[in-house]
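Shown next, in C-alpha cells, is the structure this report addresses.
Keep in mind that what you see is a predicted model, and the values were worked out from it rather than measured. Excluded from the calculations below are hydrogen atoms, water molecules and symmetry mates; all remaining heavy atoms, backbone and side chain alike, are included.
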Amino acid sequence: MNIALEDPSGPPPAADGRALRWEAHRAERRRTLIKTARRAVHTLGCAASMEEIAAASGTSKSVFYRYFGDKAGLQKAMGEMAVARMQEKIIEAGRTAASARSGLRAMVSAYLQMAETSPNVYLFVTGQLGDGGPGQIDTALSSFFETITAMMDAAIGEYLAGREMPPEASATAHYWPTAALGMIRAAGERWIAAPGGPGKPTEEQMTDQLTAWLFDGIGYDRGPGPDSTDFPSAPSTDHEKETQ
C-alpha cells in the first residue's frame with residue numbers, strides 16, 4: 001500500500017487567521033502607543049515618568065508596561081522609530097551632496113534638524129536606555145551611529161583622495177569620523193538643551209560652525225581651503241571689525 005508522505009519542503013500549514021489578526025492589532029496598538037508617548041514626552045519633557053506619559057496618552061501605566069515591559073523598553077521603542085526617521089533623512093542628505101564637504105554639512109544639518117524638531121524626545125531616547133544608566137546607547141542607536149560613521153568615513157576618504165598627507169596623518173585618518181560624530185553629538189545635545197534666546201545659535205549657524213570646525217579647525221587664520229565655496233567666510237570678531 002502506498003502511503004503519501006508530507007513533503008517537508010512544501011508550504012507550511014496555514015496560520016490561524018485569528019492569531020494573525022491579533023498580532024496585527026497588537027502591532028498597530030504598539031505603534032499608536034509609541035506615537036502618543038512621543039507627543040506626551042514632547043510636551044512634558046525628557047524626564048517624564050511612565051505614569052505621566054500614560055496619563056497624557058489617555059491610558060493606564062499598566063498598558064505601557066504590558067506592551068513595553070518598563071520605561072527602558074518604551075525608550076528603546078521610541079528610539080527605534082526616531083532612528084529610522086533620522087537615518088533615512090541623513091542618508092538621503094549624504095547621497096545627494098555635490099562634494100564631500102557639502103555632504104558632511106547636509107548630514108550635520110539633517111541631524112540637528114531632527115534633534116531640534118523635538119529636543120525632549122531626542123534627549124528621552126538617547127539619555128537613559130537599558131539598565132546601564134545614563135550614557136548607555138541602545139543597539140538601535142548604536143547601529144544608527146555606526147551607519148552615519150561609515151558614511152562620514154566614505155566622505156572623508158573622498159575628500160582626502162589625491163591629497164598629499166604625512167604618514168602619521170594617513171594612519172589616523174580613519175579615526176576622524178568617530179571623533180567628528182562625537183563632536184556633533186556632544187555639541188548638538190548641548191545646543192538643543194540650552195535655553196532659547198538671542199544668544200543661542202540657529203540651526204543653520206550651528207551647522208555652519210560645526211562644518212567649519214570639522215574641516216578647518218578652530219582657527220580662521222588660514223586662507224580658504226578646498227571646497228571653500230561650500231561654506232561662507234567666518235564672521236569677523238569684534239576686535240577684527242574695529243581694526244578693519
About how many Å separate [atom2] of [Y] and [atom1] of [X], when rounded to the nearest 0.5 Å?
| X | Y | atom1 | atom2 | value |
| --- | --- | --- | --- | --- |
| Arg21 | Arg18 | CZ | CZ | 7.5 Å |
| Arg66 | Ser60 | CZ | OG | 6.5 Å |
| Gln209 | Trp191 | CD | CH2 | 13.5 Å |
| Arg190 | Met206 | CZ | CE | 10.0 Å |
| Asp216 | Thr211 | CG | OG1 | 9.5 Å |
| Tyr67 | Leu74 | OH | CG | 13.5 Å |

Next on the checklist: Counting only heavy atoms not in Lys200 (residues, nucleotides, ligands), do more than 12 fall under 6.0 Å from its NZ?
Outcome noted: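 Yes, NZ of Lys200 has more than 12 neighbouring heavy atoms, counting only those of other groups under 6.0 Å.
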
Item to check | Exceeds 12 heavy-atom contacts within 6.0 angstrom, atom CD of Glu204 | outcome: no

Checklist entry - Run the side chain to side chain contact (heavy atoms under 4.5 Å, CB included) check on Tyr122 and Glu116 step by step: do they pass? => result CA-CA 8 Å; Tyr122 177 87; Glu116 187 185 31; over 6 Å; no

Identify the two heavy atoms, one from [X] and one from [Y], that lie closest to each other, and give their separation to 0.1 Å.
| X | Y | value |
| --- | --- | --- |
| Ala54 | Phe64 | CA-CE1, 3.6 Å |
| Gly188 | Leu112 | CA-CD2, 3.8 Å |
| Ala48 | Ile53 | CB-CG1, 3.9 Å |
| Ala37 | Ser57 | N-OG, 3.9 Å |
| Thr207 | Ser109 | OG1-CA, 3.5 Å |

Checklist entry - Between Leu210 and Arg105, does a side chain to side chain contact (heavy atoms under 4.5 Å, CB included) hold up when you go through it step by step? => result CA-CA 8 Å; Leu210 285 169; Arg105 188 192 185 285; over 6 Å; no

Would you find a donor on one side and an acceptor on the other, under 3.5 Å apart, between the side chain of [X] and the backbone of [Y]?
| X | Y | result |
| --- | --- | --- |
| Trp176 | Asp153 | no |
| Glu52 | Ser49 | yes |
| Thr36 | Thr32 | yes |

Next on the checklist: Strictly by side-chain hydrogen bond (donor to acceptor under 3.5 Å, both in side chains), give each pair with a member in residues 39-48 just once, sequence neighbours left out.
Outcome noted: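 For residues 39-48: His42-Ser118.
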
For the hydrophobic clusters of this structure (ILVMFWY residues joined by side-chain heavy atoms under 4.5 Å, transitively), does one cluster hold both [X] and [Y]?
| X | Y | value |
| --- | --- | --- |
| Leu20 | Trp22 | no |
| Phe124 | Leu44 | no |
| Val41 | Val63 | yes |

Next on the checklist: Do Arg26 and Arg30 make a side-chain contact, defined as non-hydrogen atoms from C-beta onward lying under 4.5 Å apart?
Outcome noted: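 SC-SC contact between Arg26 and Arg30 ruled out.
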
Next on the checklist: I'd like to check the salt bridge (Lys or Arg N to Asp or Glu O under 4.0 Å) partners of Arg31; sequence neighbours left out, ordered by chain and number.
Outcome noted: Glu28

Checklist entry - For Leu33 and Phe68, what are the C-alpha separation, side-chain angles and deciding distance, and is it a side chain to side chain contact (heavy atoms under 4.5 Å, CB included)? => result CA-CA 10 Å; Leu33 288 171; Phe68 303 104; 3.9 Å; yes

Checklist entry - Are the charged groups of Lys76 and Asp70 less than 4.0 angstrom apart, N to O? => result no

Checklist entry - Stepwise, does the side chain to side chain contact (heavy atoms under 4.5 Å, CB included) test hold for Arg38 with Val125? => result CA-CA 10 Å; Arg38 186 187 186 283; Val125 301; over 6 Å; no

